[in-house]
Every structure is written in structure tokens, then in C-alpha cells.
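Hydrogens, waters and symmetry mates are skipped; everything else that's a heavy atom, side chains included, is used. This one's a predicted model, so the numbers in the text were calculated from it and none came from an experiment.
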Amino acid sequence: MGQIEQGLVRALRTRPVPSSTEARLRFLLAAHRGSTRRVATVLGVSQRTVQRWVTKRPGARRPPGPTQIRVIEEAVLARWQPRVRARLRAQAEAEGFVFHTRARFGFAAAAGSSDDPRVRWITQDLPGEVARELFAARDAGAGEQQQTVILARALGHAYFRDGGRRAHGLHIAFSDVEFADFSIG
């Protein structure tokens, strides 16, 4: 998962995801009304295996293996705060968001100018159309490169071209993203 994807995921959460495997299993059990059978179906293991993972009896408890830990993590992430994610996504698509990044930026300009790509800190308001395009690309399975292209185009228009008031035809270079954060609302 790239920096942009991680920033989007962080922006759509208001509480941290449970960090321990035990807490994640408790969350899955609560989400499925305590049914070890449903949790087992979601995780692709037997009901008895889930019961061994969550039992309180000493000596009967068996920890999940590395593969199962990854499956548990993915199941929790898929079910963590669905209404909050939907609300924040709708708000970003309607009102836009603030994008904070440190990355290498530059643009094509006359030779010898100081406009060569360099690391810059940028905080910029971006409109809801950019959020819609970013989320649509993410939903379609677009990688970090496609998301970078979308943000480069948006930052070029809003930051370098001042919303279309200057520097028409400027080509933006946006690469080497060190971090990307999104503030919604």
C-alpha cells in the first residue's frame, strides 16, 4: 500500500483499528453477534478453530498462525467503521478536502530556472471532483501511480496555476511522495 492509499485510509477512520489479534477476534465476534460459526465462515476456517482462538480455558487456547493473522486483519479492516467511512467519503466528494504532502514537485519551465523538481511541503485545498476521481480510481483498483497522476493534475491546477489564473500549459512533475495526508471536514 502506497503513501496516498495509506493517507486515504487514515482520513476515513476516526478511531484506531484494534491492534492485537485477540482484540480483532473480539471485534469480529461482536460484529457477528457472538457467532463463532459466522466468524469461521468469514475467515475460511472451522468453527472449532475459532473457538480454540477465543477460549478462556487455560491450556486449550491456540494462537492463530501468520496466515490466519493476516486474514483476521483484512476481515477487521473491511468491517471497521463502515458508516463513518461512508459519511466522510460523501463529505469529501461534496465539499473537497485538504491535501498535505511532502514530495518532489517541479514543472517544465525555461532552461536555467529554479523550477526544477525539488522536495516541497504543500498543503492545498482540493475540490470534491478530485475526491470523486480519487475514490473512483481506488475502487477500480488503480495503483499508486494512477492516484499520483490524479493528484498531480489537481495540484498543478490549484497550487501552481493558481486555479487557472496563471501559468497555462504548465506540466507538473509529482513524484517521491514521502507522506500524504488528507483532512476531510
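The shortest non-hydrogen separation linking Ala154 to Val130 is CB-CG2, 3.5 Å. Of all heavy-atom pairs between Arg104 and Asp176, the closest is NE-OD2, 3.1 Å. The minimum heavy-atom distance between Ala103 and Ser175, with the atom names listed, is CB-O, 3.5 Å.
With a 4.5 Å cut-off on side-chain heavy atoms, Leu151 and Phe174 count as touching. The shortest side-chain heavy-atom distance between Arg79 and Val42 falls under the 4.5 Å cut-off.
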- [ ] Begin with the C-alpha distance, continue with both residues' side-chain angles, and end with the deciding distance and a verdict on side-chain contact (heavy atoms from CB on, under 4.5 Å) for Arg10 and Gln6.
- [x] CA-CA 6 Å; Arg10 279 191 305 269; Gln6 288 176 4; 3.7 Å; yes
TODO: Take Arg120 and Arg118 through the side-chain contact (heavy atoms from CB on, under 4.5 Å) test and state the conclusion after the steps.
DONE: CA-CA 6 Å; Arg120 301 175 194 234; Arg118 64 181 181 265; 3.5 Å; yes
Task: Derivation and outcome, side-chain contact (heavy atoms from CB on, under 4.5 Å), residues Phe182 and Leu8 - done: CA-CA 6 Å; Phe182 300 82; Leu8 282 172; 3.9 Å; yes
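One hydrophobic cluster holds both Val84 and Leu12 under the rule that ILVMFWY side chains link at heavy-atom gaps under 4.5 Å. Under the 4.5 Å side-chain heavy-atom criterion for Ile, Leu, Val, Met, Phe, Trp and Tyr, Ile184 and Leu155 are members of the same hydrophobic cluster. Transitive grouping of hydrophobic side chains (ILVMFWY, heavy atoms separated by less than 4.5 Å) keeps Val177 and Val98 in distinct clusters. Taken together through direct or relayed side-chain contacts under 4.5 Å among Ile, Leu, Val, Met, Phe, Trp and Tyr, Phe97 and Ile150 form part of one hydrophobic cluster. The hydrophobic clustering, which links ILVMFWY residues whose side-chain heavy atoms are closer than 4.5 Å, places Trp80 and Leu88 apart.
When the side-chain hydrogen bond (donor to acceptor under 3.5 Å, both in side chains) test is applied to Thr14, the partners found at least two apart in sequence or on another chain are Gln81. Checked against side chain to side chain contact (heavy atoms under 4.5 Å, CB included), Glu178 has the following partners two or more places apart in sequence or in another chain: Arg102, Val119. The side chain to side chain contact (heavy atoms under 4.5 Å, CB included) test applied to Thr49 returns Val45, Ser46, Arg52, Trp53, not counting sequence neighbours.
A 6.0 Å sphere centred on CZ of Arg48 holds more than 12 heavy atoms belonging to other residues, nucleotides or ligands. For Arg13, the CZ atom is densely surrounded, since the number of other residues' heavy atoms within 6.0 Å is greater than 12.
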Under 3.5 Å, which donor-acceptor pairs link side chains of residues 21-34 to any protein atom two or more places apart or in another chain?
from  : atom 1 : to    : atom 2 : distance (Å)
Arg24 : NE     : Pro18 : O      : 2.7
Arg24 : NH2    : Pro18 : O      : 3.4

Residues 66-78 side chain polar contacts: donor-acceptor under 3.5 Å, at least two apart:
from  : atom 1 : to    : atom 2 : distance (Å)
Gln68 : OE1    : Gly65 : N      : 2.9

Below 3.5 Å, can you tabulate the donor-acceptor pairs from side chains in residues 133-147 to any protein atom, sequence neighbours excluded?
from   : atom 1 : to     : atom 2 : distance (Å)
Glu133 : OE2    : Arg153 : NH2    : 2.4
Arg138 : NE     : Glu5   : OE2    : 2.9
Asp139 : OD1    : Arg89  : NH1    : 3.4
Asp139 : OD2    : Arg89  : NH1    : 2.9
Asp139 : OD2    : Arg89  : NH2    : 2.6
Glu144 : OE2    : Gln3   : N      : 3.2
Glu144 : OE2    : Ile4   : N      : 3.0
Gln147 : NE2    : Glu5   : OE1    : 3.4

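To the nearest 0.5 Å, atoms CD (Gln47) and CZ (Arg38) are separated by 11.0 Å. Note that NE2 of His100 is 11.0 Å distant from CD of Gln124, once rounded to the nearest 0.5 Å.
Side-chain rings of Trp121 and Phe179 approach one another, their centers coming within less than 6.0 Å.
Under a 3.5 Å cut-off, the side chain of Thr36 and the backbone N or O of Gln51 do not form any donor-acceptor pair.
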